[in-house]
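These numbers come from the heavy atoms of this one structure, side chains and all, not from hydrogens, waters or symmetry mates.
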Amino acid sequence: MISESQNNTSPVFKIISVIVFMIPALYSAIPLIQDYKIKRNRNKNRLSDNTFTDRTDDVNNIIKKLSINEHIIEICGNSEKCGKTWIAKKLVDYINHPEDWTKKRMDLPYKVAYYIDLHTKNNTDIDNFLENNTITNKTVLIFDHVEDLNYILFKQSIYHFQLIYILNSAKEYNFFRHQISPFHEKNIDELHRKIRYNYSGIDSITESEIQALYRLTEGNIGQIHFMLSSQKTVKWIKDTAAGKQTEYDEEFNKIKILLFIGRYEEAQNRLKQFYLENGQYIYQNNLLYYTYILLKADCEHLLNNYEKALSLLTILEASPYVANNKNYELELYKAHYKKHMWKCNDALVILKQIQHDSYSAKVDSLGILLAKYFVNDLSVPNTEDDSLSEFCRIYSDAYRKINNGNDRDTLKCKRYTSAYLYYKIKIQI
């Protein structure tokens, strides 16, 4: 028989029993709650930033190819920093977050995608990733900065994932290559609005400034994005478009003065300091890089480091920097440095190739030809005339066209007048 006291306390025991029973359940729910929070945060995360602008057709076309019959695709472009990584990350978001896609989006057989940057990962990291994640033929792996594609292909043959890759340097493989479309000038305004939303204190730019930026960067999206992301570089765009002297121009002119007055080592040190302070901007700005390297080459030439000066010019002869070569200044510098190395025939060949369009090339040839004659070197490339006859012929032509030259070239031509008058008589005799 149950006593009255036992009967009165039984609800308390029941409550305690329930609490004791629920404690393990609550503890077991904590990992589930944590997993939910992690999943919710993961769903918020996007690899591509909110400044992604245009070229959604590239994303669609790559996915279409992957869905139809291609299981290995290379993303390639015409230059470095042309948007390959940008598109790769957008592809991951396209697959992992279909709810973001506002435009017409095809149904995908792929449920998850991963972006793997091999700039910071090695083969061991790849192995660990594949072993610790669920990888099937419905998984898309996008590898960036790939050096050893063969290792990744071997892993694909085991795990059967869909492969998209971006090579560090161009190599020929028999896989489908998607050449990304160019970034169009008309999209710069939208891109800059998005950048200014992220960064305060950046001025807007006008249509003429947009045109100048696009021309100077040759439409390279990586450089355009960088140039629009700080007030310092935006100010440079504005000054350049307006034809004003920029902050960089002022520093370069100070260095040129040091070269003019013979303080070459001090000029070299100023160039090194300029690089330390502005290195991140130099590589993102084709015109700035061109001007910096050209001035650096001139400094090396004045320090008698002619081979080094020539090697610097070689950098500028390649795209995209060669587009800044105005009035054949690279050819003129190159010929001048070769003259110092007594590679006079090489210098004359360079100058001969541009003499039709460059008055400077004519007058620069005169000193070389006269110097060859003084040391009894009479041969001249691509002509049967000797060095003295060629000197007189080119001088005569240059003097007739003296109004075509600038002050420097006009003065240089006149310096050779007395030599021409003296040797002309000798030739006639």
Atom [atom1] of [X] with >12 non-hydrogen neighbours under 6.0 angstrom:
{"X": "Lys186", "atom1": "NZ", "value": "no"}
{"X": "Lys412", "atom1": "NZ", "value": "yes"}
{"X": "Asn382", "atom1": "CG", "value": "no"}
{"X": "Lys235", "atom1": "NZ", "value": "no"}
{"X": "Glu384", "atom1": "CD", "value": "no"}

>> Apply salt bridge (charged side-chain N to carboxylate O under 4.0 Å, His left out) to residues Lys155 and Asp127 and explain how you reach the verdict.
In response: CA-CA 9 Å; Lys155 293 301 177 181; Asp127 290 341; 3.1 Å; yes
Answer yes if the side chains of [X] and [Y] hold a donor-acceptor pair under 3.5 Å, and no otherwise.
{"X": "Asp203", "Y": "Gln231", "answer": "yes"}
{"X": "Thr217", "Y": "Asn220", "answer": "no"}
{"X": "Glu317", "Y": "Asn325", "answer": "no"}

>> Could you walk me through whether Gln273 and Asn269 satisfy the side chain to side chain contact (heavy atoms under 4.5 Å, CB included) test, starting with their C-alpha distance in whole Å, then the side-chain angles of each, then the deciding distance to 0.1 Å, before giving a yes or no?
In response: CA-CA 6 Å; Gln273 185 61 33; Asn269 290 333; over 6 Å; no
Indicate the atoms forming the closest heavy-atom contact of [X] with [Y], along with that distance.
{"X": "Arg196", "Y": "Ser204", "answer": "NH1-CB, 3.4 Å"}
{"X": "Lys339", "Y": "Ala347", "answer": "N-CB, 4.2 Å"}
{"X": "Ser365", "Y": "Gln355", "answer": "OG-NE2, 3.0 Å"}
{"X": "Ala297", "Y": "Leu313", "answer": "CB-CD2, 4.0 Å"}
{"X": "Glu329", "Y": "Tyr290", "answer": "OE2-OH, 2.7 Å"}
{"X": "Thr410", "Y": "Ile402", "answer": "OG1-O, 3.5 Å"}

Residue list, side chain to side chain donor-acceptor pair (under 3.5 Å) with [X], at least two apart or on another chain:
{"X": "Thr139", "value": "none"}
{"X": "Tyr275", "value": "Tyr283"}
{"X": "Glu265", "value": "none"}
{"X": "Asn133", "value": "none"}

> Which of parallel (below 30°), tilted (30 to 60°) and perpendicular (above 60°) describes Phe129 and Tyr114?
Replying inline: perpendicular
Side chain [X], main chain [Y], donor-acceptor under 3.5 Å:
{"X": "Ser157", "Y": "Phe154", "result": "yes"}
{"X": "Asp364", "Y": "Ala361", "result": "no"}
{"X": "Asn285", "Y": "Leu288", "result": "yes"}
{"X": "Asp409", "Y": "Val363", "result": "no"}
{"X": "Thr291", "Y": "Leu287", "result": "yes"}

> Excluding sequence neighbours, so at least two apart, what forms side chain to side chain contact (heavy atoms under 4.5 Å, CB included) with Asn327?
Replying inline: none
>> If the condition is side chain to side chain contact (heavy atoms under 4.5 Å, CB included), which residues does Asp117 pass it with, not counting sequence neighbours?
In response: Tyr115, His119, Thr120, Asp144, His145
Say you draw a straight line from [atom1] of [X] to [atom2] of [Y]; how long is it, rounded to the nearest 0.5 Å?
{"X": "Ile315", "Y": "Leu310", "atom1": "CD1", "atom2": "CG", "result": "11.5 Å"}
{"X": "Leu316", "Y": "Tyr321", "atom1": "CG", "atom2": "OH", "result": "8.5 Å"}
{"X": "Gln268", "Y": "Ile255", "atom1": "CD", "atom2": "CD1", "result": "11.0 Å"}
{"X": "Lys65", "Y": "Ile72", "atom1": "NZ", "atom2": "CD1", "result": "14.5 Å"}
{"X": "Gln156", "Y": "Asn137", "atom1": "CD", "atom2": "CG", "result": "10.5 Å"}
{"X": "Leu369", "Y": "Asp385", "atom1": "CG", "atom2": "CG", "result": "10.5 Å"}

>> Applying side chain to side chain contact (heavy atoms under 4.5 Å, CB included) to Lys254 and Arg270, what does each step give before you reach the verdict?
In response: CA-CA 9 Å; Lys254 291 177 182 178; Arg270 286 287 289 268; 3.6 Å; yes
>> Under the side-chain contact (heavy atoms from CB on, under 4.5 Å) test against Leu118, which residue among Val146, Ile166, Asp148, Asp125 passes?
In response: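 Answer after filtering Val146, Ile166, Asp148, Asp125: Val146.
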Between [X] and [Y] (salt bridge meaning N to carboxylate O under 4.0 Å), is one present in this structure?
{"X": "Lys89", "Y": "Asp93", "answer": "no"}
{"X": "Glu390", "Y": "Arg393", "answer": "yes"}
{"X": "Arg400", "Y": "Asp397", "answer": "yes"}

For [X], what residues pass the ring pair (Phe, Tyr, Trp, His ring centres under 6.0 Å) criterion, not counting sequence neighbours?
{"X": "Phe226", "answer": "Tyr281"}
{"X": "Tyr165", "answer": "none"}
{"X": "Phe143", "answer": "none"}
{"X": "Tyr399", "answer": "Tyr395"}

>> Please evaluate residues Lys296 and Glu300 with respect to the criterion salt bridge (charged side-chain N to carboxylate O under 4.0 Å, His left out), reporting the C-alpha separation (whole Å), side-chain torsions for both, the decisive distance (0.1 Å), and the verdict.
In response: CA-CA 6 Å; Lys296 187 176 180 181; Glu300 293 293 349; 5.8 Å; no
> For residues 339-367, which residue pairs qualify under ring-ring contact (aromatic ring centres under 6.0 Å, His included), counting only residues two or more places apart or in two chains?
Replying inline: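 Of all non-adjacent pairs touching residues 339-367, those that pass ring-ring contact (aromatic ring centres under 6.0 Å, His included) are His301-His340, Tyr306-His340, His336-His340.
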>> One pair to check against side chain to side chain contact (heavy atoms under 4.5 Å, CB included): Phe183 and Cys82. What are the steps and the verdict?
In response: CA-CA 8 Å; Phe183 181 81; Cys82 61; over 6 Å; no
Quiz: residues 371-378 side-chain donor-acceptor pairs under 3.5 angstrom, not counting sequence neighbours:
from, atom 1, to, atom 2, distance (Å)
Lys372, NZ, Asn345, OD1, 2.9
Lys372, NZ, Asp377, OD1, 3.3
Lys372, NZ, Asp377, OD2, 2.7
Lys372, NZ, Ser379, O, 3.1
Tyr373, OH, Lys426, NZ, 2.9
Asp377, OD1, Ser379, OG, 3.3

> Between Gln245 and Asn253, is a side chain to side chain contact (heavy atoms under 4.5 Å, CB included) present by the stated rule, with each step listed?
Replying inline: CA-CA 10 Å; Gln245 186 180 70; Asn253 286 336; 2.6 Å; yes
